Structures are given as structure tokens and as C-alpha cells.
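Below: the structure, in C-alpha cells.
The structure presented is a predicted model; accordingly, all values stated were derived computationally and were not measured. Remember, it's 1-based here, ligands and their atoms both numbered in the order they're listed.
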Amino acid sequence: MNSAYIYLQLYRLFDDVTPIKADCGRLCSKACCKGEDSGMYLFPGEQNVYKLLNPSWSKIDYTDLEYNYNGKKVRVPILFCNGNCDRYQRPLACRIFPLTPYLNTDGSVDIIIDPRSKSICPLAKGLYIDEYSSNFVKNIRKCFNILTKNKEVYTFLDTYSRQLDEYRKFL
Ligand code: SF4
Ligand code: SF4
């Protein structure tokens with residue numbers, strides 16, 4: 001099955017489930033959609049969603065973050081937007097923000113507050129993980145329990161989590 005259809009199914013977990021019960025965008029005027037140079041990483045295979053939908057508000061580029069998979073170096077794609085999107089087409093990283101998956105060195109996956117979000121997101125600054133909507137955290141876990149069955153996602157997550165470790169050192 002094309003990975004686009006898997007992501008489109010997973011996206012639905014977050015159509016009505018958000019970090020807190022209230023509209024958190026009112027707390028900060030949607031600060032996470034306003035960074036001029038920022039973009040959101042796409043998870044392995046997620047790029048196929050944007051090949052399929054080809055939304056006019058998105059642009060995809062490649063980051064310097066790379067992982068080795070099947071003997072090849074793969075650069076991680078990043079999606080840029082103009083601060084407005086079709087809510088039903090936004091990428092997974094936006095749907096789970098300010099939380100993110102994290103691969104521990106023992107191979108287990110945790111859901112953590114993204115250390116990169118602390119400088120922009122009032123929820124990330126103010127809440128412990130158990131203060132987020134339980135359905136939100138549960139659906140992120142469910143999503144990554146499914147995705148990490150794929151070897152490429154698991155490999156990516158290892159590289160990504162070591163990058164998060166570098167951010168965490170500064171906090
Ligand atoms: S920055 Fe945080 S509080 Fe503001 S809209 Fe984004 S997730 Fe919600
Ligand atoms: S894609 Fe949508 S949700 Fe994500 S940063 Fe851009 S405007 Fe915000």
C-alpha cells in the first residue's frame with residue numbers, strides 16, 4: 001500500500017483530538033504557525049501525501065539531517081508553509097506538536113514534549129506530559145506504535161532522537 005494512504009488514515013486520529021480541550025491557538029495567536037524559517041519534518045513516506053495532494057500552500061525541501069537506510073543515505077524532507085494550511089492536510093508533526101516521539105537507547109519509544117517547542121509554545125513551557133489531553137497522548141502513542149513497525153521509520157527515529165538529545169543538552 002502507498003504510504004500516503006497510511007498517513008492519511010493516521011491523520012484522522014488528530015482531526016478532532018488536540019493537545020488540550022480548549023483551542024490553544026488562542027493562547028499564543030498560533031505561534032507554531034508563524035516561524036519564518038521554520039518548517040516541519042516529514043516522517044519517512046509522508047512525502048507521498050504531498051505528492052498525492054499537491055497543496056498550493058506547501059513547499060518541500062531537504063534538511064541536513066540524514067540517516068542510513070538500505071545502504072543509502074536518506075536526507076529528511078521538511079515541509080514549509082506560508083502560515084496557513086488546509087487543516088485536514090497538515091502534516092503529522094503539526095498534528096502532534098508540541099509533543100514528539102522519542103526512541104530511547106534501549107529501543108523503546110516514548111512520547112515527550114519536543115525540546116524545540118519550548119521557546120515558542122506556551123503549552124510546552126507550562127504543562128507536564130500528563131496534563132495534555134489524555135486522548136491526544138494516547139493517539140500519538142497509537143500512531144507511533146503503528147509507524148515504528150516500519151524499519152525505515154524506526155531508523156529515522158533513532159537519528160531524530162539523537163538530534164533531540166542535542167537540543168535537550170541546552171535546556
Ligand atoms: S504554539 Fe502551542 S499553544 Fe500555540 S497553537 Fe501551537 S501548539 Fe497551541
Ligand atoms: S502546515 Fe498548517 S499547522 Fe503546520 S505550521 Fe503550517 S499553517 Fe501551521
Side-chain angles (χ1 to χ4, degrees), residues 2-65 75-102 109-144 147 153 156-157 160-161 163-164 167-168 170-171:
N2 185 323
S3 57
Y5 293 100
I6 294 169
Y7 280 98
L8 287 167
Q9 288 299 315
L10 294 173
Y11 286 177
R12 295 174 64 188
L13 290 169
F14 305 98
D15 281 350
D16 302 315
V17 173
T18 50
I20 56 173
K21 296 242 161 64
D23 177 0
C24 62
R26 290 188 171 186
L27 293 174
C28 64
S29 304
K30 297 189 179 171
C32 51
C33 298
K34 290 199 171 136
E36 283 186 5
D37 297 324
S38 57
M40 298 306 243
Y41 286 166
L42 296 176
F43 290 93
E46 192 178 8
Q47 210 177 341
N48 288 330
V49 171
Y50 295 93
K51 283 186 188 152
L52 184 74
L53 303 177
N54 197 21
S56 57
W57 51 266
S58 72
K59 180 174 166 279
I60 292 175
D61 206 339
Y62 290 88
T63 66
D64 292 335
L65 186 67
R75 284 174 72 193
V76 174
I78 187 166
L79 179 141
F80 291 100
C81 66
N82 57 13
N84 284 299
C85 67
D86 178 332
R87 178 178 164 74
Y88 293 98
Q89 295 180 341
R90 70 200 198 285
L92 187 58
C94 295
R95 290 167 193 255
I96 66 174
F97 188 88
L99 305 187
T100 195
Y102 177 84
V109 177
D110 275 339
I111 305 304
I112 64 165
I113 297 169
D114 190 330
R116 299 166 299 175
S117 69
K118 298 217 176 198
S119 61
I120 51 168
C121 174
L123 300 184
K125 276 181 228 165
L127 298 186
Y128 292 109
I129 194 105
D130 56 5
E131 294 174 299
Y132 287 79
S133 152
S134 56
N135 280 342
F136 181 62
V137 179
K138 189 181 79 186
N139 284 4
I140 300 175
R141 276 190 218 293
K142 188 172 174 183
C143 176
F144 285 96
L147 282 176
V153 174
F156 158 77
L157 212 49
Y160 172 77
S161 302
Q163 187 192 54
L164 293 182
Y167 283 101
R168 284 171 128 184
F170 293 102
L171 295 170

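Under a cut-off of 6.0 angstrom, the local environment of CZ in R26 is sparse, with at most 12 non-hydrogen atoms contributed by other residues, nucleotides or ligands. Other residues, nucleotides and ligands contribute at most 12 non-hydrogen atoms within 6.0 Å of the NZ atom of K142. The neighbour count for D16 CG, taken as heavy atoms of other residues, nucleotides or ligands under 6.0 Å away, does not exceed 12. Under a cut-off of 6.0 angstrom, the local environment of CZ in R12 is sparse, with at most 12 non-hydrogen atoms contributed by other residues, nucleotides or ligands.
A salt bridge links D15 to R95: at least one charged side-chain nitrogen sits closer than 4.0 Å to a carboxylate oxygen.
Heavy-atom proximity to P122, at under 4.0 Å, picks out these atoms of ligand 1: 3 (S).
Considering S29, C24, G25, G126 only, the shortest heavy-atom separation from atom 3 (S) of ligand 1 involves C24.
Only protein N, O or S atoms were scored, and 1 of them lie under 2.8 Å from atom 6 (Fe) of ligand 2.
In terms of protein heavy-atom proximity, atom 7 (S) of ligand 1 is nearest to F97 CD2, 3.7 Å. Summary of contacts: the protein heavy atom closest to atom 4 (Fe) of ligand 1 is C28 SG, 2.1 Å. Shortest contact from atom 2 (Fe) of ligand 1 to any protein heavy atom: C121 SG, 2.3 Å.
Applying the ring-ring contact (aromatic ring centres under 6.0 Å, His included) rule to F156 yields the partners F43, Y67, Y160; only residues at least two apart in sequence or on another chain are considered.
With a 4.5 Å cut-off on side-chain heavy atoms, P55 and C85 do not count as touching.
Exactly one residue among I6, L92, L10, L79 makes a side-chain contact (heavy atoms from CB on, under 4.5 Å) with E46. That residue is L92.
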